[in-house]
**Student:** 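First, the structure itself, so that you have it in front of you.
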Amino acid sequence: MSGTLTAEVVPDAAALRLERRARALAEMEADGIDILILGREGNARYVAGAPRLWTAGSRPFTPGCVLVRATGDVHLLSTWDEGIPDDIPHEHLYGITFNPMNMVGVLQGVAGAATAARVGTDSMTSMFAQLLPAAFPAAELVDGEATMRRARRLKTPAEVEEIRTSVALAERCLSAAEDVLRPGVSERGLTGAFMERMALEGVTTPSSQDVAWITSAEHPWRRGDRDALVRDGDLVVLSGGVVRGGYTGELARTHDLGGAHRAVVDRLGELRGALLAACEPGAPASRLLDVHRSAGLEPPPVPIARGLGLGFDLPIVSASLPATAEEDTLDPGVVFALTSYVWEQGSGAAIAVDPVHVTAHGPELLTTTPSTGSTEDPSHEGARP
Amino acid sequence: MAGGRAASGLMERVTPTRVPAAPDLERLRRDRIARVRDLMQRQGLDALVLIGNTNVVYATGATWPLGDPGRANFEQPVAVVLADDEWPHLFTPLPDDPGLPADHVHGPVYLDLDEGVRQFERRLADLVPAGAAIGVDEWTFAMSRHSTLLFGGGAPRDGGKVINKAKAIKTPDELAGMREALRITEQAIAAVQAQLAPGMRQIELTATFLREVFAAGADANTLDPIWQVMPPSMGEGPWTTHGDLACPLLTTERELQRGDVLWVDTSITHRGFHSDFGRTWIVGDEPNDRQRAQFDTWQAVMDAVLAVTRAGAAQSELTAAARAVVGGETPWMTHFYLGHGLGIDAAEMPYVGSDLGEQFDATHTLEAGMVLVLEPLIWDDGAAGYRAEEVVLITEDGWEPMTDYPYDPFR
């Protein structure tokens, strides 16, 4: 079983990238945006379909990809053509630069730059707020992230399959971590086992590097020292994700080492079932928060649903964003990581993260193996499903 | 640990003076915030709002395993630094204890969403008065729509510059932290190099590196590890925008052959410090005479550059020294640089020999406490080339090595 990598660096499939690009162009049309300048890797991948070097952590805005509405042309920051689809010609590639004036020169060379009336970007820095008018003298700089979000929010069937494949890989990587989960192993050791399997399967880019969490019995949302070792009696969350073919696949399971926290794990199972059942097509996103509340459980401080796709996608459903949840609906075609979270004093936290695809017929779990929210006791050899 | 290289005592020969054995994290945090506040006062800034992951790491001392960049849009610690407060504020979704006073640690904010920005605006109003001069490192359109505090007077001031300037000079505690990150990296690299053999695939090198680097104590891998097989001639490689080398190219399932020339480049973080590692390896073979000559020339370039490396040196002295060894050619990747700063980011100021230009290099000088990664290369068309990285601390009278990983199989 392998990832998308082969001995060659290959672009995303033509049908996939052209359908995505068409969606982006349609949303540009709707917003009257002439030129879209994308800094976020997920947005650039969506439009260009080219894998580029992965680095961890956020990056400040820089023009990494340019999409021109009138022609559909893509200009891409890439100093070489390896992995670049043939619909992006050499003359539309531009090299790495540390000199913002050189970047302005590149943008000035984009057809229509001088006359563009509306130029969208997906975020901004002081430097580029000052420099972009030199490349686009007639343009108003507008929100291009909103444009991309609408394009990306509902997944095409091909995209759902991409995410499903990424999830399947994440599951195998999580199993590799489960295989070494026992008292005495460190959180880092578990992370290393996940990452090693991921790379051996042909994917070298994680979505998260926070794979193992020995949860606290005293504080509802607290990590200890990352050098701590797993002990019998711990509730340990294993949570992993991969970025394969650009698409994120994530999931999490909780392990009750020694089996002393059956009640918490059972509550997690009940909550998880209720949350999944609430993912009905057309349901208000706030219904997920209602489920948490009616179960009498405090939601975690992080979103209980967040989109899966290329990097960052809607929906974002968080208890601290009630109005956003009221306005959003779980339309068929959304794919998100659904987080079920239970914490109990004296036990710790039990967490399940499930990748969910909302279809016209109801929620579909994108995992390949039925997860129980994990009630198995991994300290028993041979307990692997 | 696989292999015997680590057991031989990586970094035992090198101990930069004035660097403690381990960082004092409390002193490190105090020193940093004092430096940031000093720069803020000099620039007339009352507050900084920081969003970029590594800017937040620097300003608050909070660290977490950095994830895919896409995560930052929903999992993004945000820092607010006040000119009149010795502690920074941190808004965080993470369960990690950042070691700040409880009244300076707040729940997460979502600056990509309109509702999230409206909430942040209210919380920011509790910290800064209307009309305060606030610097921001970057912003979303939701911020420009909904934050009067930040956008009431037009586009906000550049807060990222403050951090760029502050972080360029490392404190002794920061140097100690960087040494740990470098040691962890080299420990994992030693395991990979011990395993290197014909028939292995590039991804297997990555698998070993990732397993070992977490075992050695890394918080996160920060660069998809590079094990690029260099073609003998540039013309056999991919087309490039500048007609120069294509590097770094992505790792694949490519099987390594005996004699393949590998250019290696990796980076991790530990406690918020980035490492950098670069060497040339030959798969299952010793270098031939031509390859040894490449290394000798590379060493001559490195020696010439280090001979002029000291606090107060213009960056152009380094680039001139490198070029003089090779008859005026440019012995580094022209889409990168001869050297770059290292520490809070994998590449940060100073940039030496970049396309910022000759004038830039002539007017910028090195300062004591900077950590510079020098990465010249020797390309010998027809026989590939040699590239490696040397991490050095700039001192008043010269430089000190930060690591001593061997140059096998070349020396």
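Here is how names work: the chains are called A, B, and so on, in the same order as the sequence lines, proteins then strands, and each is numbered from 1.
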**Student:** Taking side chain to side chain donor-acceptor pair (under 3.5 Å) as the definition, give me every residue that meets it alongside A/Tyr247, ordered by chain and number, with sequence neighbours left out.
**Tutor:**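 If we apply the side chain to side chain donor-acceptor pair (under 3.5 Å) test to A/Tyr247, skipping adjacent residues, the hits are A/Arg20, A/Glu159.
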**Student:** Keeping the roles fixed (side chain from B/Asn53, backbone from A/Ser58), state whether a donor-acceptor pair exists under 3.5 Å.
**Tutor:**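 Checking the backbone N and O of A/Ser58 against the side chain of B/Asn53, a donor-acceptor pair under 3.5 Å is found.
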**Student:** Should A/Thr204 and B/Ile203 count as side-chain neighbours, where that means a heavy-atom distance under 4.5 Å?
**Tutor:**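 With C-beta onward as the side chain, the pair touches.
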**Student:** Would you say A/Thr55 and B/Asp224 make side-chain contact, with heavy atoms under 4.5 Å?
**Tutor:**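 Side-chain contact under 4.5 Å: no.
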**Student:** State, with a plain yes or no, whether a side-chain heavy atom of B/Arg157 is found less than 4.5 Å away from one of A/Ser126.
**Tutor:**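 SC-SC contact between B/Arg157 and A/Ser126 ruled out.
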**Student:** Examine whether an atom of A/Tyr94 lies under 4.5 Å from a heavy atom of chain B, and if so say whether it belongs to the side chain, the backbone or both; otherwise answer neither.
**Tutor:**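 Only the backbone of A/Tyr94 comes within 4.5 Å of chain B.
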**Student:** Is any side-chain heavy atom of B/Asp68 less than 4.5 Å from a side-chain heavy atom of A/Ser208?
**Tutor:**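 Of all side-chain heavy-atom pairs linking A/Ser208 with B/Asp68, none is under 4.5 Å.
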**Student:** Considering only heavy atoms from C-beta outward, does the side chain of B/Pro225 approach that of A/Trp54 to under 4.5 Å?
**Tutor:**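 Of all side-chain heavy-atom pairs linking A/Trp54 with B/Pro225, none is under 4.5 Å.
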**Student:** In terms of heavy-atom pairs under 4.5 Å, which option from A/Val243, A/Asn43, A/Thr205, A/Thr97 contacts chain B the most?
**Tutor:**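 Heavy-atom pair counts peak at A/Thr97.
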**Student:** Heavy-atom pairs under 4.5 Å with chain A: which of B/Leu249, B/Leu113, B/Val136 has the most?
**Tutor:**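 Most heavy-atom pairs within the cutoff with chain A belong to B/Leu249.
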**Student:** I need the residue from A/Gly57, A/Gly311, A/Ser123 with the largest number of non-hydrogen atom pairs under 4.5 Å to chain B.
**Tutor:**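 Ranked by heavy-atom pairs under 4.5 Å with chain B, first place is A/Gly57.
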**Student:** Could you look at A/Glu145 and say if it's the side chain, the backbone, both or neither that has a heavy atom under 4.5 Å from chain B?
**Tutor:**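 Interface part for A/Glu145: side chain.
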**Student:** Using a 4.5 angstrom heavy-atom cutoff, name the option from B/Pro108, B/Ala215, B/Pro248 with the most pairs to chain A.
**Tutor:**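 Greatest number of close heavy-atom pairs with chain A: B/Pro248.
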**Student:** For B/Glu255, which atoms come within 4.5 Å of any heavy atom of chain A: side chain, backbone, both, or neither?
**Tutor:**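 For B/Glu255, neither part sits under 4.5 Å from chain A.
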**Student:** Where on B/Asn221 is there a heavy atom nearer than 4.5 Å to chain A: the side chain, the backbone, both, or neither?
**Tutor:**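 B/Asn221 touches chain A through backbone and side-chain heavy atoms alike.
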**Student:** Should A/Arg222 and B/Asp96 be marked as a salt bridge (charged side-chain N to carboxylate O under 4.0 Å, His left out) after you check the CA-CA gap, both sets of side-chain angles, and the distance that decides it?
**Tutor:** CA-CA 6 Å; A/Arg222 176 61 58 86; B/Asp96 303 71; over 6 Å; no
**Student:** Among B/Ala155, B/Ala347, B/Cys247, which has the most heavy-atom pairs under 4.5 Å with chain A?
**Tutor:**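 Highest number of pairs under 4.5 Å: B/Cys247.
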**Student:** Please lay out, stage by stage, how A/Thr125 and B/Asp158 fare under the test side chain to side chain contact (heavy atoms under 4.5 Å, CB included).
**Tutor:** CA-CA 8 Å; A/Thr125 62; B/Asp158 190 347; over 6 Å; no
**Student:** Between A/Thr191, A/Thr79, A/Asp227, who has the most heavy-atom pairs with chain B when the cutoff is under 4.5 Å?
**Tutor:**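 Ranked by contacts with chain B, first place is A/Thr79.
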**Student:** Does any N or O in the side chain of A/Arg188 come within less than 3.5 Å of the main-chain N or O of B/Ala218, such that one atom is a donor and the other an acceptor?
**Tutor:**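 Such a contact is found between A/Arg188 side chain and B/Ala218 backbone.
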**Student:** Go through A/Ser207, A/Gly95, A/Pro60 and name the one with the most non-hydrogen pairs under 4.5 angstrom from chain B.
**Tutor:**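 Answer, by heavy-atom pair count under 4.5 Å with chain B: A/Ser207.
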**Student:** Kindly write out the residues that satisfy side chain to side chain donor-acceptor pair (under 3.5 Å) with A/Ser318, not counting sequence neighbours, or none if the list is empty.
**Tutor:**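 Expected list: A/Ser320.
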**Student:** Between A/Pro322, A/Pro206, A/Gly307, which shows the greatest number of heavy-atom pairs under 4.5 Å with chain B?
**Tutor:**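 Between A/Pro322, A/Pro206, A/Gly307, the count favours A/Pro322.
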**Student:** Which atoms of B/Thr206 are under 4.5 Å from chain A, going by heavy atoms: the side chain, the backbone, both sets, or neither?
**Tutor:**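 Both backbone and side chain.
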**Student:** Answer yes or no: is there an ion pair linking A/Arg59 with B/Glu138, defined by an N-O contact shorter than 4.0 Å?
**Tutor:**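 Result for this pair is no, no salt bridge flagged.
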**Student:** Ignoring hydrogens, what is the shortest heavy-atom contact between B/Pro95 and A/Trp213? Give both atom names and the distance.
**Tutor:**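 Shortest heavy-atom contact: CB-CZ2, 3.8 Å.
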**Student:** Below 4.5 Å from any heavy atom of chain B, which atoms of A/Met198 appear? Answer side chain, backbone, both or neither.
**Tutor:**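 The side chain, not the backbone.
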**Student:** Can you tell which of B/Thr269, B/Val213, B/Leu66, B/Asn73 has the highest number of heavy-atom pairs within less than 4.5 Å of chain A?
**Tutor:**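 Sorted descending by pairs with chain A, the first entry is B/Asn73.
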**Student:** Considering heavy atoms only, which positions within residues 237-246 of chain B lie below 4.5 Å of chain A?
**Tutor:**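 The list, in residue order, reads B/Pro238, B/Trp239, B/Thr240, B/Thr241, B/His242, B/Ala246.
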**Student:** What part of B/Pro156 lies closer than 4.5 angstrom to a heavy atom of chain A: side chain, backbone, both or neither?
**Tutor:**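 Backbone of B/Pro156 only, per the 4.5 Å heavy-atom cut-off to chain A.
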**Student:** Go through it in stages, so that I can follow the logic: the residues are A/Asn102 and B/Asp355, the test is side chain to side chain donor-acceptor pair (under 3.5 Å), and I'd like the CA-CA distance, side-chain angles, deciding distance and then a yes or no.
**Tutor:** CA-CA 8 Å; A/Asn102 289 347; B/Asp355 72 341; 2.8 Å; yes
**Student:** Given a strict heavy-atom distance threshold of 4.5 Å, which part of B/Arg145 is in contact with chain A: side chain, backbone, both, or neither?
**Tutor:**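 Interface part for B/Arg145: side chain.
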**Student:** State, with a plain yes or no, whether a side-chain heavy atom of B/Asp219 is found less than 4.5 Å away from one of A/Gln209.
**Tutor:**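 In short, these two side chains do not touch, never coming nearer than 4.5 Å.
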**Student:** Strictly below 4.0 Å, N to O, side chains only: are A/Arg149 and B/Asp112 in salt-bridge contact?
**Tutor:**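 Here A/Arg149 pairs with B/Asp112 in a salt bridge, since their nearest N and O are under 4.0 Å apart.
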**Student:** Nearest 0.5 Å, please: how far is CG in B/Leu94 from CG in A/Asp210?
**Tutor:**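 A/Asp210 CG to B/Leu94 CG: 8.0 Å, rounded to 0.5 Å.
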**Student:** Give the minimum heavy-atom separation between B/Thr140 and A/Arg40, together with the two atoms involved.
**Tutor:**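 Heavy-atom minimum between the residues: CG2-NH2, 3.9 Å.
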**Student:** With side chains defined as the heavy atoms from C-beta onward, is the minimum distance between A/Thr121 and B/Phe141 less than 4.5 Å?
**Tutor:**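 Result yes, sub-4.5 Å side-chain heavy-atom pair found.
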**Student:** Mind listing the closest non-hydrogen atom pair of B/Tyr110 and A/Leu321 along with its distance?
**Tutor:**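 Minimum heavy-atom separation between B/Tyr110 and A/Leu321: CD1-CD1, 3.6 Å.
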**Student:** Do A/Leu53 and B/Leu223 have side-chain heavy atoms sitting under 4.5 Å apart?
**Tutor:**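 They are in contact (side-chain heavy atoms under 4.5 Å apart), so the answer is yes.
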**Student:** Less than 4.5 Å to any heavy atom of chain A: does that hold for the side chain of B/Ala216, its backbone, both, or neither?
**Tutor:**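 Interface part for B/Ala216: neither.
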**Student:** Looking at A/Leu141, A/Val142, A/Leu310, which has the largest count of heavy-atom pairs under 4.5 Å with chain B?
**Tutor:**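 If we count pairs closer than 4.5 Å to chain B, A/Val142 comes out on top.
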**Student:** On a heavy-atom basis, which atom in A/Glu201 and which in B/Glu253 lie closest, and how many Å separate them?
**Tutor:**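 A/Glu201 and B/Glu253 have their closest heavy atoms at O-OE2, 4.3 Å.
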**Student:** Heavy-atom distance under 4.5 Å to chain B: side chain of A/Pro51, backbone, both or neither?
**Tutor:**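 Answer is both: backbone and side chain atoms of A/Pro51 are under 4.5 Å from chain B.
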**Student:** Between A/Ala323 and chain B, with a heavy-atom cut-off of 4.5 Å, which part of the residue counts as in contact: side chain, backbone, both or neither?
**Tutor:**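 Contact with chain B involves both backbone and side-chain atoms of A/Ala323.
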**Student:** State the CZ-NE2 distance between A/Arg226 and B/His270, to the nearest 0.5 angstrom.
**Tutor:**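 Going from the CZ atom of A/Arg226 to the NE2 atom of B/His270 covers 11.5 Å.
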**Student:** Checking B/Leu205 against chain A: side chain, backbone, both or neither under 4.5 Å from a heavy atom?
**Tutor:**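 Nothing of B/Leu205, per the 4.5 Å heavy-atom cut-off to chain A.
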**Student:** What part of B/Val109 gets within 4.5 angstrom of chain A, counting heavy atoms only: side chain, backbone, both, or neither?
**Tutor:**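 Looking at B/Val109, nothing touches chain A.
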**Student:** Look at the aromatic rings of B/Tyr351 and A/Phe98 and report parallel, tilted or perpendicular, splitting at 30° and 60°.
**Tutor:**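 Because their plane-to-plane angle lies in the 30° to 60° range, the rings of B/Tyr351 and A/Phe98 count as tilted.
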**Student:** What pair of heavy atoms forms the shortest contact from B/Leu210 to A/Ala199, and how long is it?
**Tutor:**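 That closest heavy-atom pairing would be CD1-CB, 4.4 Å.
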**Student:** With sequence neighbours left out, which residue pairs that include part of residues 189-198 of chain A fulfil the salt bridge (Lys or Arg N to Asp or Glu O under 4.0 Å) condition?
**Tutor:**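 Salt bridge (Lys or Arg N to Asp or Glu O under 4.0 Å) check on residues 189-198 of chain A returns A/Glu196-B/Arg211.
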**Student:** First locate atom CD of A/Glu8, then atom CZ of B/Arg254, and finally report the distance between them rounded to the nearest 0.5 Å.
**Tutor:**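 Interatomic distance, A/Glu8 CD to B/Arg254 CZ, rounded to 0.5 Å: 8.5 Å.
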**Student:** Would you mind checking which part of B/Phe209 comes under 4.5 Å of any heavy atom in chain A, side chain (CB onward), backbone (N, CA, C, O), both or neither?
**Tutor:**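 Interface part for B/Phe209: neither.
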**Student:** Counting heavy-atom pairs closer than 4.5 Å to chain A, which one of B/Gly52, B/Pro93, B/Ser267, B/Gly160 comes out on top?
**Tutor:**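 Most heavy-atom pairs within the cutoff with chain A belong to B/Pro93.
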**Student:** Does any backbone or side-chain atom of A/Pro301 lie under 4.5 Å from a heavy atom of chain B? Answer side chain, backbone, both or neither.
**Tutor:**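 Interface part for A/Pro301: both.
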